[in-house]
Amino acid sequence: MAFSAGAEPLDPELRGEIGHFLAEQPEIDRVVSLLTTRLGMDSMLVAARIDLAPGRDSEVVELVMERIKPGAAELWPQADLFLDVTEAPPRPGAEVDPDLTAS
């Protein structure tokens, strides 16, 4: 096994599959950013910043992570998946439910 000092980009098709997998999860409103890199022959790093669907509380966030990570590991066992939940700004033209923004 050769040692590589630098990481290599992930195959664009595989990167697209991972992004699609995340975007298709019912709890995820959108994938804000997706960073991927191949660390070695059998290892890759996937870091995704995700915006959850409106109305999710902190307990649900933990359950979402517990459900999504094993599903991704089943499809891509060589991937170390890190999910960062963020509150992304509303998309242009998107309606915002006033009940969710009330203080």
Side-chain angles (χ1 to χ4, degrees):
M1 178 160 122
F3 174 75
S4 174
E8 299 175 17
L10 201 60
D11 171 40
E13 185 176 325
L14 180 55
R15 185 181 189 281
E17 289 174 13
I18 294 169
H20 181 75
F21 168 81
L22 293 171
E24 290 297 309
Q25 303 306 306
E27 302 90 350
I28 296 178
D29 187 37
R30 67 179 165 154
V31 178
V32 178
S33 65
L34 180 62
L35 305 172
T36 60
T37 191
R38 182 169 302 286
L39 300 174
M41 292 295 289
D42 297 322
S43 179
M44 63 182 173
L45 177 65
V46 178
R49 179 166 285 158
I50 58 173
D51 184 21
L52 294 184
R56 306 288 181 184
D57 64 21
S58 60
E59 271 186 35
V60 171
V61 169
E62 190 172 328
L63 294 173
V64 168
M65 301 300 178
E66 288 176 12
R67 189 185 67 73
I68 292 174
K69 285 186 175 186
E74 187 175 308
L75 294 169
W76 305 284
Q78 72 277 29
D80 288 319
L81 177 64
F82 296 92
L83 298 175
D84 177 31
V85 177
T86 186
E87 189 172 334
R91 296 181 207 169
E95 292 184 32
V96 177
D97 185 344
D99 291 337
L100 296 176
T101 58
S103 303

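The chain is numbered in sequence order, starting from 1.
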Which side-chain N or O atoms in residues 71-81 pair as donor and acceptor under 3.5 Å with protein atoms at least two apart or in another chain?
none

Distance, nearest 0.5 Å, that separates CG of Leu10 from CE of Met44
5.5 Å

Keeping to residues at least two apart or across chains, list the ring-ring contact (aromatic ring centres under 6.0 Å, His included) pairs with something in residues 22-42.
none

Can you pull the ring-ring contact (aromatic ring centres under 6.0 Å, His included) pairs that have at least one residue in residues 31-51, sequence neighbours excluded?
none

Give a yes or no on whether the backbone of Ile50 and the side-chain of Thr86 come within a donor-acceptor separation of less than 3.5 Å.
no

Please list, chain by chain and in numerical order, all residues satisfying side chain to side chain donor-acceptor pair (under 3.5 Å) with Glu27, sequence neighbours excluded.
Arg67

Value rounded to 0.5 Å, distance of NZ in Lys69 from CZ in Phe82
7.0 Å

Nearest 0.5 Å, please: how far is CG in Leu22 from CG in Leu34?
6.5 Å

Any residue meeting side-chain contact (heavy atoms from CB on, under 4.5 Å) with Glu24, in chain and number order, not counting sequence neighbours
His20

Can you measure from CD (Gln25) to CD1 (Ile68) and round to the nearest 0.5 angstrom?
5.0 Å

Intermediate values then yes/no, side-chain contact (heavy atoms from CB on, under 4.5 Å), Leu52 and Ile28:
CA-CA 4 Å; Leu52 294 184; Ile28 296 178; 4.2 Å; yes

Check whether any side-chain heavy atom of Val85 sits under 4.5 Å from a side-chain heavy atom of Val64, and report yes or no.
no

Side chain to side chain donor-acceptor pair (under 3.5 Å) partners of Asp11, counting only residues at least two apart
none

Rounded at 0.5 Å granularity, tell me how far CZ in Arg15 sits from OG1 in Thr37.
11.0 Å

Tell me if the CD atom of Glu13 is crowded by more than 12 foreign heavy atoms within 6.0 Å.
no

